[in-house]
Number of protein chains: 2
Amino acid sequence: MTPTALLLIAHGSRRAEANADLDYLAAELRARGEYLVVQPSYLELADPEIVPGGEMCVAVGAGRVVMLPYFLSPGRHVVEDLTAARDELARRHPAVEFVLAEPLGRHPLMLQVVTERARAALGQ
Amino acid sequence: MTPTALLLIAHGSRRAEANADLDYLAAELRARGEYLVVQPSYLELADPEIVPGGEMCVAVGAGRVVMLPYFLSPGRHVVEDLTAARDELARRHPAVEFVLAEPLGRHPLMLQVVTERARAALGQ
């Protein structure tokens, strides 16, 4: 099977604690051992940005990189930036496959996440 | 049991399709019938904003309003705005309980949402 990397992409913040959420998620996903590497990256305001993050995946031997937007509902601007980053990575590494995943918001499980957050707030 | 409303709070966008995500979620939650009312609201750029949204919940008879941030990881600015909106609603409606829920990002199920989005991108 092609060695596959997971490139997580968040907006990025100047606040370390906001970026820490992505590091936490990356650590949890690494523990599952499903991917060659799980690499956080950021649209802006934090390092690495998306293209350098993708190149770190290539450098460790990924033949395929899933680019995962850690966004509920990315705006048009974000979608354009992600697509441009994917195209740039594909141009630089034609032997590697770069696949852009869907954002998270409309996944059916989100309904359960919201419901459980609401119940927890009520102590239920 | 106290009639409880769910006030969903998203950032808000000038793009109708971004706000449509919250309407979609609200419709799904309404179909479950767990809350007296499920009301979308927005921090900015779309209507209703948070305080008017909360007052719509009170107007239909809610004795308790769960304010649910539809954010993965709200920045400090967002947290301050949500807290200020809750305090303002509590000041205007002292007989109603307003409870601010946790944002979505660190919920354990998010790991599964991310994993499934990545697999779907690979056609798995």
Side-chain angles (χ1 to χ4, degrees), chain A residues 2 4-8 10-11 13-15 17-22 24-26 28-29 31-32 34-35 38 64-78 97-124, chain B residues 2 4-8 10-11 13-15 17-22 24-26 28-29 31-32 34-35 38 64-78 97-124:
Chain A
T2 314
T4 302
L6 183 60
L7 180 65
L8 300 173
H11 188 280
S13 168
R14 287 190 187 86
R15 294 164 52 234
E17 73 194 81
N19 301 328
D21 275 7
L22 200 65
Y24 167 84
L25 180 67
E28 294 283 315
L29 288 161
R32 293 198 165 191
E34 190 170 337
Y35 295 95
V38 179
R64 194 162 63 166
V65 180
V66 182
M67 302 171 66
L68 198 130
Y70 185 69
F71 288 84
L72 287 172
S73 165
R76 192 175 305 166
H77 172 69
V78 170
E97 185 186 2
F98 295 91
V99 187
L100 195 51
E102 292 291 309
L104 310 178
R106 290 217 182 187
H107 191 285
L109 275 175
M110 294 304 296
L111 193 61
Q112 193 176 338
V113 173
V114 166
T115 299
E116 290 186 8
R117 283 298 197 222
R119 287 184 188 150
L122 297 172
Q124 292 170 350
Chain B
T2 313
T4 302
L6 183 60
L7 180 66
L8 300 172
H11 188 279
S13 169
R14 288 190 186 86
R15 296 165 51 236
E17 74 194 81
N19 301 329
D21 275 7
L22 199 65
Y24 166 84
L25 179 67
E28 294 282 316
L29 288 162
R32 294 198 164 191
E34 191 170 337
Y35 295 95
V38 178
R64 195 162 62 166
V65 180
V66 182
M67 303 172 65
L68 198 131
Y70 186 68
F71 289 84
L72 287 171
S73 165
R76 192 174 306 165
H77 173 68
V78 170
E97 185 185 3
F98 295 92
V99 187
L100 195 50
E102 291 292 308
L104 310 177
R106 291 217 181 186
H107 191 285
L109 276 175
M110 294 305 295
L111 193 61
Q112 193 176 336
V113 173
V114 167
T115 299
E116 290 185 8
R117 282 299 196 222
R119 288 185 187 148
L122 296 172
Q124 291 170 349

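Note on naming: letters A, B, ... go to the chains in the order of the sequence lines (proteins, then strands), and numbering restarts at 1 for each one.
Neither the backbone nor the side chain of B:Ala31 comes within contact range of chain A; no heavy atom of the residue lies under 4.5 Å from a heavy atom of that chain. For chain A, the nearby part of B:Leu6 is the side chain; its heavy atoms alone come within less than 4.5 Å. With a threshold of 4.5 angstrom between heavy atoms, A:Ser13 does not approach chain B through any atom at all. The contact between B:Glu34 and chain A is made entirely by side chain atoms (from C-beta outward), counting heavy-atom distances below 4.5 Å. At a 4.5 Å heavy-atom cutoff, the contact between A:Leu8 and chain B is made by side-chain atoms alone. Contacts between B:Pro69 and chain A at a heavy-atom distance below 4.5 Å are absent for every atom of the residue. When heavy atoms are compared at a cutoff of 4.5 Å, B:Tyr70 approaches chain A by way of both its backbone and its side chain. A:Ala20 touches chain B through backbone and side chain together, each having a heavy atom under 4.5 Å away. In this structure, chain B has no heavy atom under 4.5 Å from any part of A:Ala120. Only the backbone of A:Pro103 comes within contact range of chain B, judged by heavy atoms closer than 4.5 Å.
Ranked by heavy-atom pairs shorter than 4.5 Å toward chain B, the options A:Asp21, A:Leu25, A:Thr4, A:Val99 are led by A:Asp21.
Contacts of B:Arg32 classified as side chain to side chain contact (heavy atoms under 4.5 Å, CB included), with partners at least two apart in sequence or in another chain: A:Leu111, A:Thr115.
Side-chain contact between A:Leu104 and B:Leu104 is absent, with no heavy-atom pair separated by less than 4.5 Å. Contact annotation: the side chain of A:Arg64 approaches that of B:Leu122 to within less than 4.5 Å [non-hydrogen atoms, C-beta and beyond]. B:Leu29 places a side-chain heavy atom less than 4.5 Å from the side chain of A:Val114.
Here the NE2 atom belonging to A:His107 is positioned 9.5 Å from the CE atom belonging to B:Met110, to the nearest 0.5 angstrom.
Taking every heavy atom of both residues into account, B:Arg119 and A:Tyr35 meet most closely at N-OH, 4.4 Å.
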